[in-house]
Each structure stands twice: as C-alpha cells, then as structure tokens.
Protein chains: 2
Amino acid sequence: MLTLINNQDLSRLNRQEQILVTSLRLFTERGYFNTSIHDIQRESKVSIGSIYHYFKNKEGIARALFTGLVASMDEGMDRIDSQYASAHDRCRAVLAWLMELTRRSPAVMQFILYARHREFLPDEKPICSSGPFLKMKEMVKRGMDEGEIRRMDVTVASAALYGGAIRMIHLALDGVLVRPLESYLDDVWSCAWRSVAMGGEGEGRWGAEKAPA
Amino acid sequence: MLTLINNQDLSRLNRQEQILVTSLRLFTERGYFNTSIHDIQRESKVSIGSIYHYFKNKEGIARALFTGLVASMDEGMDRIDSQYASAHDRCRAVLAWLMELTRRSPAVMQFILYARHREFLPDEKPICSSGPFLKMKEMVKRGMDEGEIRRMDVTVASAALYGGAIRMIHLALDGVLVRPLESYLDDVWSCAWRSVAMGGEGEGRWGAEKAPA
DNA sequence: GTCTATACCACGATAGAC
DNA sequence: GTCTATCGTGGTATAGAC
C-alpha cells in the first residue's frame, strides 16, 4: 500500500488503485466530509459506477485505505524490530522511519495520525490501539526488561519516548516548521532518550551508537 | 467560556449559551459533520429560528466555541505564568492544569486538541500557532534564557517537554488509560523534565519542588 | 467492468407568523 | 426574540445501457 501511494504516475495504476490514491489525497487535503464521490470521480477520472463497483460505499474507500496503511506500518515495525538489536536502536529507527515517511508521503502520515477516523469509521479501534502502535509500545517494554529503559509504567514511557517526535510530525504536517523535519531527528531523539533511559548523565550508557567502554 | 461549559444545568442558561453547550457536546461526541442543525435544535430545545438568530450559520457556532475556548486557555496560561517563579514550576503547572481540564471538561480538550478545525473553520490558524500554545513555548524559551533548560531549538524542547503529556491526554480522551489521567502526572512530568533539563542526574538541580542546597 | 443518468433524501438556510 | 414550515441544493447511492 505504501509503494502504491508513493507511485507518482496515476495512469499506470488500475481503476481500484486510482480510486484509492485519489481518495487519500482528497481526504487529507480537504477532509473526508468535504470530499464528495463526485470529487473523487472527477479527479480520479474513474466513473461513479466503477467506484461503486469496487467499493461498497464512500466509507468502504476510507476503510480500505485505513486498514491497508495500518498493515503497511505494521510491516515496517516488524522490519525495524528484526533489524536492530537494542531497544535504543529500534526506537530511534522508528522515529527516523516515521519522519522519513512524513517527508515522502505526508498524506499517509496525515491520514494515519491526524484524521478523526471514529467520525467516519465508527467500528474502527482508535489508532493508538492498532498494531503498529502496540508494537512501538512493545519495544519500550522489552527495553525495560533488558535494563536499557528505566522501570516505570509502559504507557508513560512510550508517551515520553515517542510523544515529542509525534508532536514534531504534527507541526511538520501543519507546515509550521522552518527546517525539514528530518533535520531535527538527532535533537528530538536525544531528548526522547534522556527522558526514559537508565542512568543519568547525558545520553547515558546507550546514548551513542557505540556504547563507551 | 470554561465556566459556562462546566455548568451542568442546561435550563439555567440563556438561549445562546444552551446552543453553545449543546453544540460542543454534539461536535465532540459525533464530530462536526455528523451533527446537523436539526440535531442541535432537538437536543438544545432551542428552535432553528433562534439558532440562526444568534449565529450566522453552523460554522459560526463552531467559531464562537473555538475562539472562546482558546481565549479561556490563554487566560489560564497567563494565570500560571504570573503564579510561578521558575520555568520548571510553570511548565509543570501547565501539565497539571491541562490534565485537570481533561478530567473536568473532556469535551473542551477534545475540541481544542483533537478536532480538525481546518476542515470546518477554513480561515483559522492551526491550533499550534494559537495564543496558549505560543505561551507554552515562550515559557520554555525563558527557561533556556534563565539556565534551567538546556540550550537547543525551542520547538524541539517544547515538543519534548509537552509531547508526552499531550499523548497521555489523547490516550485519556480515547478511553484507553486504565487509571485516571492525573494519577500519571508525576511520572509524566519526571520524564518530560529529564528530557530538557540542564544537567544530567535524576531530576537535576530543578527536579524537586525545593532545589537542593 | 465501465459508463451516464437519475432517484432520493438530508441538510443548511430562509420566510414569515406571532 | 422565538417559533414552525418550507425551500433549494448538493450529496450518496442505484438503475440500467453498453
């Protein structure tokens, strides 16, 4: 789904994909309720008949986008999980990846993080209870068990560790940052890790890419 | 405006206030676009004619709520600003107040923090550029100038200091916290302050209510 | 599968009596 | 100021030809 969204050339996609890509753009630009089926028809160049052939209704389009993108993020978390050895490196990689995603596909981040899904997907769980977010929390928990992260309520630790970056992403999506989002990564991470890391001085035992001797 | 919202007894309010209180509740329960004028009429027991007597249109109701609540929060920030001497105490008081507000008037926090105002108030600035949020940032800046907070990008420091608490508030509004929001304050604050405070050990020079000798 | 034309309805907003 | 009744628009979704 993520590769689909990043695809620039609408004409190379099939009908169903054209509908999804166009809808995501319109939903994030104007909001779900400010986007009519006629808008989607006009901008995707797919007829209304075809739209209702592929999707039960407007809500169905939103649901397909939501579940597809959440699944993509879930895979991303799994990839990170298997690629890094310490909680420190894993969580940092998550932040880096979320920031990269925000640059490459702002609409995706906006749709995942920002939209009030409950308003148009009444049966969907809140985003914070979805797979990728639970995995982020799980990484924090493992960090505690393995002694990298101070013992405390896992929810609080997750909020502290990821909260700052998520705020920066919101600010980026709102267009109020003066520099590119990713240029803040080092500073954001430094603050985030300090807030939960075991020990007291600076970035601590796990602060540097290579731990001191 | 905040005292108005906290008022439980709808019948003691005048027409205009009944409309505002009911609208805020419906907007946050179902979302702005899922709330019709007829819904507001039905639940507020104020006729449609009266609604349009007091407000230009539906958007006008939302705008009145938004500007009123932002102004209330702005006053709250001013009160805190004048009441505490250090950045440490001021910022902590802000978190405590935001959490208290979330408990006492969840609809207010939801409307301020969560709603996608741009979708129904096209001319409004993003919430992060509004008065109270700028004041929160200003507190951080002063903390840097006075040596309590490490020198760094002010936006990053603000995101780090407030981001964790804001995430916890979101979780509380989504109903996924197991304990009352305010019971997490100490831990949330401890993490937040560590992330930006000058010095390294524990809560640092400014960590305790009374600084050590 | 793809399209056009259209049915149907809910909504925001107004008119006008009291 | 407050109300009821109603209008017109624009939206979702369907029917049915190709």
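Order of the sequence lines fixes the chain letters, A, B, ..., with proteins taken first and strands second; residue numbering starts at 1 for each chain.
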Item checked: Steps toward side chain to side chain contact (heavy atoms under 4.5 Å, CB included) verdict (A:D145, A:R151) -> CA-CA 8 Å; A:D145 293 340; A:R151 280 243 160 264; 3.0 Å; yes

Check: Between B:I19 (CD1) and D:dG1 (P), how many Å, whole number?
Finding: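 Interatomic distance, CD1 of B:I19 to P of D:dG1: 12 Å.
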
Notebook entry, point to check: For B:N34 and C:dG12, what is the distance between atoms CG and C1' respectively, to the nearest whole Å?
Noted result: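 In whole Å, C:dG12 C1' and B:N34 CG are 15 Å from each other.
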
Notebook entry, point to check: Taking NZ, NE, NH1 and NH2 as the nitrogens, is one of them in A:E43 or A:R25 under 4.0 Å from a carboxylate oxygen of the other?
Noted result: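 A salt bridge is present here (some side-chain N lies under 4.0 Å from a carboxylate O).
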
Next item on the list: Check the surroundings of atom CZ in B:R12: do more than 12 heavy atoms from other residues, nucleotides or ligands lie under 6.0 Å from it?
Entry: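 Incorrect, the count does not exceed 12.
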
Next item on the list: Using a 4.0 Å cut-off on protein heavy atoms (strictly under), produce a 5'-to-3' string for nucleotides 2-18 of chain D with B for base contact, S for backbone-only sugar-phosphate contact, and - for none.
Entry: BBB------SBBB----

Margin query: My understanding is that only one of B:E119, B:R116, B:K58 makes a side-chain contact (heavy atoms from CB on, under 4.5 Å) with B:Y32; could you say which?
Written below: B:K58

Item checked: Side chain A:T67, main chain A:R63, donor-acceptor under 3.5 Å -> yes

